[in-house]
Structure formats: C-alpha cells, structure tokens
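Data first, discussion second: the structure below is written as structure tokens.
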Amino acid sequence: MPELPEVETVRRGLAPVLEGAVFDRVELRRPDLRFPFPPGFAGRLEGRTVAALGRRAKYLLAGLDDGATLAMHLGMSGSFRVADSVAAADAFHHARGKDERHDHVVFALSGARLPGGARVVYNDPRRFGFMILVEPGGLERHPLFAHLGLEPVAGALDPDALAARLAGRTTSLKAALLDQTLIAGLGNIYVSEALWRAGLSPRRAAGSLVRKDGRASGRLVRLTECIVAVIADAVAAGGSSLRDYVRADGSLGMFQHAFRVYDREDGPCLRPGCRGVVRRLVQTGRSTFYCPVCQR
DNA sequence: CCACAGGCCTGCAGGC
DNA sequence: TGCCTGCAGGCCTGTG
C-alpha cells in the first residue's frame, strides 16, 4: 500500500542494483497483474540496460538505454526484494512471511556493479499493481501520466497553484487530497496525517481554503507546508511498514511509529493541550482518522 | 460469515 | 443535450 514515501524508499533501495544493470532475463510467472502484460513485454526488456531509476507520484520509472520507460505501480500490496541468487531471494521472502505463490515477476540482472549477477523479484498478493512499457517520448502523453498533479515536495507544491485547482470545489478536503490529478502521491495514511498536522477537518469543503481572489488562504499555505513536511519526514524514516510493505533490502520503514492519528481510533489526540479523542469516519469508502476537537 | 486493508479505474446519477 | 463532479462498486487476496 505504498504511498509516495514507500515508493521513494523502494526507489532508493533498487537504484544501486538496477542502474547500469542489464536485464538478462525477465520471467513472467503469470500472464497478468492488474492488467495483462502486453505481448512481447519480457522480450522487449531483455538485453536493455537501465539508465536511471526515477519516480513520479506512486510510479517507479526505469529509464532504459533506448529511451523507453518501464513504469511500475505497486498497487496495494506490491513489493520488491533483491538477492544475489534465487535461493537467497526465496529465503529472504520466506523470512518476511511472503508467499512465493505471489512472486509474479523475476528480473535476472548482470552488470559491472553486480559480480555474479542479481535478482529482483516482484511479489504482489492482491495484484492491484502493474507494469507497462512506454516508448520513447510517450510518457507525458500517456493517459496514466498526462493528468498527474503536483508532487508534494518542497518547491513543487505551490499554494497558489493548488488554490487554482481547489477553487469552487465542494468535495471534502479528504477526497481532494486523495485525487491524484490535484496532488500526486498522497494516499490514505498521509492525507489523514497531513490534515491533523494542519488542524483542518477532513470534512471541510476543499474550495473553502481559497480566497475570493483565487489565491491561497493562510490555512491553505499552512496545509501545503504540512503536506510537504509529513512526506519529507516519512521518506526520511524509510516509509511506513504495516502489513505488506518492506524495503527492497528487507528492512522495515519506521514512520508508522510517528503516526499522530492514522489507525488510532479512540486514542487521545496527541496535540499538546488538546483533550480530543481520535475518531474514524468513512469518506468515499475509505477510513479517515481525525480529531474532531482540534481539526476544524 | 463479516469488515477491513497503504490504490485506482469504470460507470452512473445528479446539477448546471 | 452536453459537461462536470462526486460517489459506489469492483478488482484481488489475506487477516482478524
């Protein structure tokens, strides 16, 4: 259930292995994940070198030496693990309680930095993840990427740009922040955490943070600061490890220990001086955690 | 059996 | 009629 911090942590773990490495063999152990693999998918990758491993929103983007891009989304339960052999990979996965029935893709790699080669294994029990190959120059026009919103990182998430996108919208702040065409990379955990930090109710109308002249209100400036901060803090902690997510080297993220509201229903609000109790509500089918006392 | 889980696409209904 | 918006449902498997 990787959100941006988990995907970024995976990227940092995989980059030293993938960058400069060649796909010697790509093994698809089933014909589909969320979508069927396109015909020739594995063969199209074999023999190609990874130039760089990047990220956009919750997508991992492996740029290939011929200009194409392997785009990978982890869905709700996707994870990668790295090993120098099949046996080591399986032992590692086993230790993490992973079921090898859900090992769906195996990349066999070689490279100057990989004496003896390496294997990168993709495991995804729920199969909401997917991999696609985008031909050179096609990324910006691709329907999955063309409408992605602002990255929630310093310098990219501009309050007035966000105000322009929220103006007039009656939908809840919770739903707006989950909308990947507005801000790209937030998910259910970090929306709750950011709104708690900002002291804003998840039920508030998104457009209520925009001034009449169309610019960002003080509250919206504060919210953008809190979004950037919570994402940066989570990346620094290696993301959050709950049920499925582990880092590429098998270690756990630590940010789950820093949650202020997420999954803390009925617990005391942790804001100094606030005597509220954390509540859970369901918005557009997803749990929201918030303090009704200090989030208005 | 039920509810719920970190994502996101589709289709439908309602408002203008 | 169209366009936009917002929401329920569905995709899968696993866990409590």
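We name chains A, B, ... by the order of the sequence lines, and we start the count at 1 in each one. Values below: every heavy atom of this structure, side chains too, minus hydrogens, waters and symmetry copies.
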For the pair made of CZ in A:Phe130 and C1' in B:dT10, what is the distance, rounded to whole Å? 14 Å
Nearest whole Å is fine: how far is B:dC8 P from A:Tyr59 OH? 6 Å
Under 3.5 Å for both donor-acceptor distances, Watson-Crick or wobble: does C:dT13 have a partner, and if so which one? B:dA5
Atom pair distance, as rounded to whole Å: CD in A:Glu6 and C1' in B:dG7: 12 Å
Can you find a side chain N or O atom of A:His73 that sits less than 4.0 Å from OP1 or OP2 on B:dC8? yes
Check the pair A:Leu33, A:Tyr122 against side chain to side chain contact (heavy atoms under 4.5 Å, CB included), reporting the backbone distance first and the verdict last. CA-CA 11 Å; A:Leu33 292 171; A:Tyr122 180 71; 3.9 Å; yes
To the nearest angstrom, how far is A:Leu33 atom CG from B:dG7 atom P? 18 Å
Taking the minimum atom-to-atom distance to the side chain of A:Arg101, which one of C:dG14, B:dA5, C:dC7 wins? C:dG14
Value in whole Å for how far the C1' atom of C:dC4 lies from CG of A:Leu166: 16 Å
Sticking with atom P, work out how far B:dG11 lies from C:dC12, rounded to a whole angstrom. 16 Å
It should be established whether A:His102 places a side-chain nitrogen or oxygen under 4.0 Å from OP1 or OP2 of nucleotide C:dC12. no
Under 4.0 Å, heavy atoms only, any strand: does A:Arg169 hit a base, just the sugar-phosphate, or nothing? sugar-phosphate
Looking at A:Tyr190 versus A:Phe255, is the centre-to-centre ring distance below 6.0 Å? yes
Does A:Glu151 pair with A:Arg55 as a salt bridge, N-O distance under 4.0 Å? yes
Euclidean distance, atom CG of residue A:Leu148 to atom P of B:dC9 [Å, nearest integer]: 9 Å
Mark this stacking check for A:Phe128 against C:dC11 as yes or no, applying ring centres under 5.5 Å and ring planes under 30°. yes
Look at all strands and tell whether A:Leu144 reaches a base, only sugar-phosphate, or nothing, counting heavy atoms closer than 4.0 Å. sugar-phosphate
Once you round it to whole Å, what is the distance between P of B:dC9 and NE2 of A:His147? 11 Å
Using atom C1' of each nucleotide, how far apart are C:dT1 and B:dT10 to the nearest Å? 23 Å
Report the C-alpha separation of A:Leu209 and A:Leu173 in whole Å, then their side-chain angles, then the decisive distance to 0.1 Å, and conclude whether the side chain to side chain contact (heavy atoms under 4.5 Å, CB included) test is met. CA-CA 9 Å; A:Leu209 299 183; A:Leu173 264 183; 3.7 Å; yes
Rounded to the nearest Å, what distance is computed from the CZ atom of residue A:Arg127 to the P atom of nucleotide B:dG7? 19 Å
Smallest heavy-atom separation, A:Leu53 atom then A:Glu19 atom, equals N-OE2, 2.8 Å
Ranking A:Gln180 and A:Gly285 by the position along DNA chain B of their nearest nucleotide, the one closer to 5' is A:Gly285
Hey, does the side-chain of A:Arg286 have a donor or acceptor N/O within less than 3.5 Å of a partner on the base of B:dA5? no
